[in-house]
Protein chains: 2
Amino acid sequence: MAETRTRGRRERLRAETTAEIKDVALRLMASGGPDAITLRAIAREMGMTANAIYGYFATRDDLVTALIDDVYTALADAVDAAWAAAAADDPAGRIRAWAHAFRNWALANPAGFRLIYGDPVPGYQAPEGGAAPDAAQRVCTGLTALAAVAWPKASQASPASEDFQWSDFDPGLLSKIRPAFPDLPPAAVALALRIWGHLHGLLCLEIYGHLRTQMLSPDKLFREELAQLVRSLGLAA
Amino acid sequence: MAETRTRGRRERLRAETTAEIKDVALRLMASGGPDAITLRAIAREMGMTANAIYGYFATRDDLVTALIDDVYTALADAVDAAWAAAAADDPAGRIRAWAHAFRNWALANPAGFRLIYGDPVPGYQAPEGGAAPDAAQRVCTGLTALAAVAWPKASQASPASEDFQWSDFDPGLLSKIRPAFPDLPPAAVALALRIWGHLHGLLCLEIYGHLRTQMLSPDKLFREELAQLVRSLGLAA
DNA sequence: TGTCGAAACTATACGGTGTGAAGTTTCGAT
DNA sequence: ATCGAAACTTCACACCGTATAGTTTCGACA
């Protein structure tokens, strides 16, 4: 038991250091953007040598990957929580809550948003698996859940023009969605992705500063977007 | 006259070198992404020293700015040309032509798209004026022209919920739009920006690889988006 | 309790980057 | 023929990621 305690101690220290590295990296990112994430800066902040970090992350990309995982998970948590907090019998309200949570999170963590959705860092290549794809699918799944509730009305308000097949979508995504919504057709998933694109586009333009050159009140535009979305889904109050 | 000839020669050489620098930079970007744009790599390619480039661009950011200007202008030219090539009496066709030109350009020049709309390069800060904002406004203006034609029908199909004012928009943008479309209300410009956001979002997700994790046929999704857009504008065939 | 060995960390080095200052060459204008 | 500006090179500096080798720390076990 002393054994497990001490071994636990080693692992605890290691976990703490790992957490501190990620913490410092996130702080640097928040203050100086994704490019401020340099091993040397992190080490400087921690009173270490840059090479010491290699004991915790094999490469800087691995660290960035870990950060993306954490940040993306935080985003997914935020929108899921907003969804859960809204009244279940008010689909339009849930969509609004979800979307506003998404935007508010992005505006509060612009560097995080860029880290997830932009070029995180020079030459970075995302790995295959990991928490980030999971979080992406959670976001996507949440959106599909919203679309699923609205689908019966939405599909008759504006049926899909393309004939979507299940084979058009990623099996991993479907494996999470289809069990939850057995009656959902492929076109509804396409709708969810389109909605994702709508919100993502406005947010990208805003966060990367392309909207501010044309529009002085992006929040008004976003609210209008949501109003039209709710209406197009046949959920208008 | 010998005077003007020789002075012209100096300037011509200078212009040629400037063009070659940008050319090499664009080639590097196309093959290795925006991050491959390094002064040293350019100089290496040209058989020069990296510092020689400082005679043409005061800083690397200035070079990147020049590239962004060129690339953004090329994009604006492409969509404008597609718009002009489509039949003037077919608003829906013009929208489709515009949007497909946008997407095709982006897919053909992913690095350029990232250069314009993403983090171009570590620590880059866009300057105030220049050709890029002009090109952005051309894109935006083109979109507004599309929205303007559709507005009479579109506004009664789905009127705006927010009350947009002219003061919500950038005066520079309005100065180009309002003279051309005197009867256009602010809400129509908001619609144009929303459409921009829709297309931009799908394209961003696709180009940055976030869509491919969920959807295997992005082009089908894009066509569906356009179909729904045309329908929502009351332009359905 | 003394010793071993693994883990954590440092030191040094290499090649890459942008950029500044100073020196050299080129070449048109007078 | 000469002057001077422009083009270019050389050298230097600080920063980056990362590989290698050496050093310290400290829990585990005889």
Side-chain angles (χ1 to χ4, degrees), chain A residues 1-22 24-25 28-29 31-67 119-125, chain B residues 1-22 24-25 28-29 32-67 119-125 127:
Chain A
M1 39 194 72
E3 184 180 303
T4 66
R5 202 188 315 145
T6 50
R7 181 188 302 161
R9 181 180 131 78
R10 276 242 236 205
E11 283 171 8
R12 205 193 61 227
L13 283 177
R14 183 176 181 79
E16 277 173 6
T17 306
T18 306
E20 191 187 350
I21 291 173
K22 293 200 287 187
V24 171
L28 287 171
M29 181 187 73
S31 69
D35 308 314
I37 305 174
T38 69
L39 297 186
R40 293 179 130 98
I42 295 168
R44 216 178 295 129
E45 198 94 357
M46 294 176 65
M48 293 200 321
T49 308
N51 278 355
I53 299 179
Y54 282 88
Y56 299 87
F57 298 95
T59 194
R60 197 188 59 147
D61 276 15
D62 285 12
L63 169 58
V64 171
T65 300
L67 293 178
D119 293 301
V121 92
Y124 174 80
Q125 278 294 343
Chain B
M1 38 192 70
E3 183 179 304
T4 65
R5 202 187 317 144
T6 50
R7 183 189 299 160
R9 181 178 133 79
R10 277 244 234 202
E11 284 171 6
R12 204 193 64 227
L13 282 178
R14 182 174 183 79
E16 276 173 7
T17 307
T18 306
E20 190 188 352
I21 292 173
K22 293 201 288 186
V24 171
L28 287 172
M29 182 187 75
D35 308 316
I37 305 174
T38 70
L39 298 187
R40 293 179 130 99
I42 295 170
R44 217 177 295 131
E45 198 93 357
M46 296 176 63
M48 293 200 321
T49 307
N51 278 357
I53 300 179
Y54 281 88
Y56 298 87
F57 298 95
T59 195
R60 197 189 58 147
D61 276 17
D62 285 13
L63 169 58
V64 171
T65 300
L67 293 179
D119 294 301
V121 92
Y124 174 80
Q125 278 294 343

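Proteins come first, then strands; the chains are lettered A, B, ... in the order of their sequence lines, and each starts at number 1.
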A/Tyr56 side chain, from C-beta outward: closest of D/dG17, C/dG16, C/dA8: C/dA8
Do B/Glu20 and B/Glu16 come within less than 4.5 Å of each other through their side chains, counting heavy atoms only? no
Length of the CG-C1' vector between A/Leu28 and D/dC16, whole Å: 14 Å
Closest approach of A/Ile37 to A/Leu67 (non-hydrogen atoms, all atoms of both residues): CD1-CD1, 3.8 Å
A/Arg60 CZ to D/dC15 P: how many Å, rounded? 17 Å
Closest heavy-atom contact between B/Thr18 and B/Tyr56? OG1-CD2, 3.3 Å
Among C/dA8, C/dT19, D/dG17, which is the nearest nucleotide to the side chain of B/Leu39? C/dT19
On a heavy-atom basis, the closest approach of B/Ala50 and B/Arg40 is CB-CG, 3.7 Å
Look at A/Thr38 and D/dC15 and indicate whether a side-chain polar atom (N or O) is within less than 4.0 Å of OP1 or OP2. no
Nearest heavy-atom neighbours spanning A/Asp35 and A/Thr38: O-CG2, 3.8 Å
B/Glu16 CD to D/dA7 P, straight-line distance once rounded to whole Å: 13 Å
With sugar-phosphate taken as primed atoms, P, OP1 and OP2 and all else as base, the protein-contact string of nucleotides 10-15 of chain C at under 4.0 Å (heavy atoms; B, S, -) is BBBB--
Decide yes or no for A/Tyr54 and A/Leu39: does some side-chain heavy atom of the first lie under 4.5 Å from some side-chain heavy atom of the second? yes
Using a cut-off of less than 4.0 Å, is there contact between a side-chain N or O of B/Arg14 and OP1 or OP2 of D/dA7? yes
Find the distance A/Asp35:CG to C/dT17:C1' and express it as a whole number of Å. 13 Å
Looking at the side chain of B/Tyr54, which of C/dG18, C/dA8, C/dT17 is the nearest nucleotide? C/dG18
Looking at every strand, decide which applies to B/Phe57 at a 4.0 Å heavy-atom threshold: base, sugar-phosphate, or nothing. nothing
Which part of the nucleic acid, if any, lies within reach of A/Thr17 when heavy atoms closer than 4.0 Å are counted: base, sugar-phosphate only, or nothing? nothing
